[in-house]
Protein chains: 2
Amino acid sequence: MHHVNFQPKSTLFEQGDEAGSLYTLTSGTVRLHYDLPDGRRQIVGFAMPGDFLGLSLEPRFGITADALTPVTACRFDRHRFMNLIDKHPNLMRKMHEVASHELAIAQEHMVVLGRRRAEERVASFLLKWWQRLKRVQGNTPTLPLPMGRQDIADHLGLTIETVSRTLARWMRERIILDVPDGVRILDAAKLEDVLGN
Amino acid sequence: MHHVNFQPKSTLFEQGDEAGSLYTLTSGTVRLHYDLPDGRRQIVGFAMPGDFLGLSLEPRFGITADALTPVTACRFDRHRFMNLIDKHPNLMRKMHEVASHELAIAQEHMVVLGRRRAEERVASFLLKWWQRLKRVQGNTPTLPLPMGRQDIADHLGLTIETVSRTLARWMRERIILDVPDGVRILDAAKLEDVLGN
DNA sequence: GGCGGCGCTTGATCCCGATCAAGGAAAGCC
DNA sequence: GGCTTTCCTTGATCGGGATCAAGCGCCGCC
């Protein structure tokens, strides 16, 4: 196990690569995505400090992971990590907990992609990102958005124009405020109303 | 651990219930879905014989599971199963393998929901269902569809009309054939062409 | 300073799939 | 048999979000 650094836009691992490593993020934000051969892209999630990458037991990575910001992480060799696990059985349990939590999150996101309208999707994204940030940085109304508009669109199954228009409208309505590299949440209740639950 | 039976349309467990049990299906088909308070529904998957249900370690079920056909399953008490796991550590590993495979499937389905057009979604569904059936029943061009059109729509993020029209067109074009309680695949290559990879 | 590039916004128009609306076919039930 | 119910199909129309098309603002670079 050793520390590794990644520059913004660099790749941790790619869709189809042999899954030889396992990472835990210590700083920065990572984009996880599945690319279709014709260029369409689905971002299945964003990883933050504390998150694990590549903990699946599939022989190859199903998705690509690349850095949105400077990233620091701990890299483990897959085989050595598995040996470590044999000595510490509760580590396996921890891995399964993380994986099954990820599965629950993935299922919730399927609802967003399959059944939510554009405005609801953007509200869901802002609120979920905000919640995750709170757990890492404590409560702040200001959320940094290290991902670009196109990334948000590719996460939500929308186009960049729809994301941009929705955020622009909320800025006009004083629900959010434009700040450098992010937004400030002025009226979280309004966003929750949009979701209707 | 003991065997349990479920009638069609009966519920194995519901979204929000305390996750006290764990099942492995021995026969029948189960529908797994997440329901929004306003009635919109996303079917996150269908379970077949051999599949595990409720292997997540979250304290409550995030989804509802109900039987589409008569179902037989083995039910395990959550706590007892966990004790069993402490004695057989490789069982934990197996659980994690299953969960991380499910996660990979969920991520692929996000691409379908977020970035595929209607026709591609239906083709993806037929081909994936066909593949799963092959593993259970061996190779047959005839695939039973225990789920209704509305279920397929709720799985693919479409309306029942779009699913019905797409299948109807493929029947006219002799790509599939209408058979009682399912379809027969006449030209799998055409369906793969629709997906374009 | 001027220039280019990139990411984002904004407006105009289009179209795929949703919605609305009948109608048909099969199964269950009296 | 006749009735209801449920599921599916088919047609007509609509609309949300995609697409097409500029234009803007900022940053880095020469």
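Chain A is the first sequence line, chain B the second, and so forth, proteins listed ahead of strands; every chain is numbered from 1. No hydrogens, no waters, no symmetry mates; every other heavy atom, side chains included, goes into these values.
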Distance, nearest 0.5 Å, that separates OG1 of A/T26 from CE of A/M48: 13.0 Å
Degree of bending in the helix from C/dG1-D/dC30 to C/dC30-D/dG1 once both end axes are built from five pairs, to 10°: 30°
Atom pair CH2 (B/W130) and CG (B/L145), whose distance is rounded to the nearest 0.5 Å: 13.0 Å
Nucleotide D/dA18, atom C1' - distance to CG of A/D154 in whole Å: 14 Å
Whole-Å gap separating P (D/dA18) and CZ (A/R121): 8 Å
Under 3.5 Å: donor-acceptor pair, side chain of A/R174, backbone of A/D187: no
Spacing of A/D178 atom CG relative to C/dC8 atom C1', expressed in whole Å: 10 Å
Main-chain N/O of B/L158 paired to A/R115 side chain as donor or acceptor, under 3.5 Å: yes
Where A/V136 and A/P49 come nearest, the two heavy atoms and their spacing: CG2-O, 4.4 Å
Residues which pass side-chain contact (heavy atoms from CB on, under 4.5 Å) with A/E192, listed by chain and number, not counting sequence neighbours: A/L127
Salt-bridge criterion met for B/E119 and B/R169 (N-O under 4.0 Å): yes
Distance in angstrom units between A/E120 CD and D/dG17 C1', rounded: 14 Å
Side-chain donor/acceptor of A/R132 to backbone N/O of A/F46, under 3.5 Å: yes
Atom-to-atom span, CG of B/D151 to P of D/dC7 - whole angstrom: 9 Å
Residues which pass salt bridge (Lys or Arg N to Asp or Glu O under 4.0 Å) with A/D181, listed by chain and number, not counting sequence neighbours: none
Partner residues of B/A104 under the side-chain contact (heavy atoms from CB on, under 4.5 Å) criterion, sequence neighbours left out: A/E58
Footprint string (nucleotides 10-18 of chain C, 5' to 3'): B base within contact, S backbone only, - free, heavy atoms under 4.0 Å: BBB---SSS
Heavy-atom protein contacts under 4.0 Å, nucleotides 23-29 of chain C, coded B base, S sugar-phosphate only, - none: -------
Donor-acceptor contact below 3.5 Å, side chain A/R75 vs main chain A/H2: no
d(CG, A/L167; P, C/dT9) in whole Å: 7 Å
Whole-Å gap separating P (C/dG7) and CZ (A/R149): 13 Å
